[in-house]
Number of protein chains: 2
Amino acid sequence: MGKKNDHCNYSQCPVACALDIIGDRWTLLVIRDLMFTGRHEYKDMLSSDEGISTNILADRLKQLQSRGIIASVPHPENKTRKLYYLTQPGKDLIHVMIQIAIWADKHLTGVVSIPTDTRDMLINNTGAKIQYTMQELEKWEKEFIV
Amino acid sequence: MGKKNDHCNYSQCPVACALDIIGDRWTLLVIRDLMFTGRHEYKDMLSSDEGISTNILADRLKQLQSRGIIASVPHPENKTRKLYYLTQPGKDLIHVMIQIAIWADKHLTGVVSIPTDTRDMLINNTGAKIQYTMQELEKWEKEFIV
DNA sequence: TAATATTACTTGCATATTGCAAGTAATATA
DNA sequence: TATATTACTTGCAATATGCAAGTAATATTA
């Protein structure tokens, strides 16, 4: 269930309604980890540079699952581990992520730094970057999701 | 100055650093108002459907100005009024806004509703939507900014 | 010109969210 | 059998949000 003050209770604007889901400091970082960094487990996401705290991470994973943006399966070889991954709605956020990254690369030059090859593809061959990212996700899925 | 817990203090990731600026429930709605709805004054943004409160709006306008994403001028014919507008970094967020809107239109079908013509251009002629939006902003600027 | 209205805010306070540290339960490993 | 991992939960202080009310500088109306 959504929250009392969710924008979607007052507005049908796509940006407003999307912000009920992605409009906070952490949600898109969880998506980023699942989409670009090969992280698929709770402990992996905890280890990201930004230092998300355990309760926030648990909450966001729960919210994203309940919204159908991510899903999870038990690790095939270890019952204590759990694998999270993006569903199609989650994967479709790649276009949002990419545009945020391009904007930040252009306008937050003092603070942002992207590895040269990654940046080159992002800026000069955005389509290829998207394709490549999707291919990597598919590869992973073929290994871990039936 | 940024806040103590800003992601950019811990990470150089473009998404993380961007979230220090746009990662909350209200900032992108202020951008939306300035970008797509022809709102340029404090009172206009207060009147948007989502019901932003006066202190939050004042705070976000201040933050966005200090980051150079928006700017303001006194109303040419009325000293009590003030006109806010997007700078180039602010305008460049159009690609982020458009992708969020496209994603929400596709995946939040129960809650999102976009006027038919607007939606048609957004989905089927995204480039034209961007061009048109920029043209409208330029028109406004020619009238109100020197 | 005096009284009312607009506009762009600020202030105070209750409530909600976040950040941090510590704890727990179910396995897995040594 | 003892220690580690993993994925969480809990409690509490600090911060941010939501809401109502107030303020100061013009502008408009009677």
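These numbers come from a predicted model, not from an experiment. Naming: A, B, ... by sequence-line order, numbering from 1 per chain.
- Here the P atom of nucleotide dA16(D) and the CG atom of Leu57(B) are 18 Å apart, to the nearest Å.
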For His95(A) and Trp103(B): C-alpha separation, side-chain torsions, deciding distance, then whether ring-ring contact (aromatic ring centres under 6.0 Å, His included) applies. CA-CA 8 Å; His95(A) 300 102; Trp103(B) 181 85; over 10 Å; no

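- Checking dA16(D), dA28(C), dA21(C) against the side-chain heavy atoms of Thr54(A) singles out dA21(C) as nearest.
- The shortest distance between the side-chain N/O atoms of Lys4(A) and the OP1/OP2 oxygens of dT15(C) is not below 4.0 Å.
- Atom CD1 of Ile102(B) and atom NZ of Lys129(B) lie 10.5 Å apart (nearest 0.5 Å).
- In this structure, Asn55(A) places its CG atom 9 Å from C1' of dT10(D), rounding to the nearest Å.
- Nearest-nucleotide mapping onto DNA chain D: of Arg81(A) and Tyr10(A), the residue sitting toward the 5' end is Arg81(A).
- In this structure, Asp59(A) atom CG and dT18(C) atom C1' are separated by 10 Å, rounded to whole Å.
- Look at Tyr84(B) and you'll find a side-chain N or O under 4.0 angstrom from OP1 or OP2 of dC9(C).
- Looking at the side chain of Asn5(A), the nearest of the listed nucleotides dT26(D), dT27(C), dG18(D) is dG18(D).
- Using bins of under 30°, 30° to 60° and over 60° for the plane-to-plane angle, the ring pair Trp140(A)/His40(A) lands in the parallel bin.
- As rounded to whole Å, 10 Å separates atom P of dT18(C) from atom CD1 of Ile52(A).
- For dG19(C), the OP1/OP2 oxygens have a side-chain nitrogen or oxygen of Trp26(A) closer than 4.0 Å.
- Side chain Ser53(B) to base dT17(D): no donor-acceptor pair is found below 3.5 Å.
- As rounded to whole Å, 15 Å separates atom C1' of dA25(D) from atom CD of Glu41(B).
- As a whole-Å value, the separation of Asp24(B) CG from dT18(C) C1' is 14 Å.
- Under the 4.5 Å side-chain criterion, counting only non-hydrogen atoms from C-beta, Thr27(A) is in contact with Leu64(A).
- In summary, the side chains of Arg32(A) and Thr37(A) do not present any donor paired with an acceptor at a separation below 3.5 Å, with no hydrogens or angles considered.
- Between Asn78(B) atom CG and dA24(D) atom P there is a gap of 20 Å when expressed in whole angstrom units.
- In this structure, Arg60(B) and Lys43(A) both approach DNA chain D, and ranking their closest nucleotides by distance from the 5' end singles out Lys43(A).
- When rounded to the nearest whole Å, the span between NZ of Lys82(A) and P of dA26(C) equals 15 Å.
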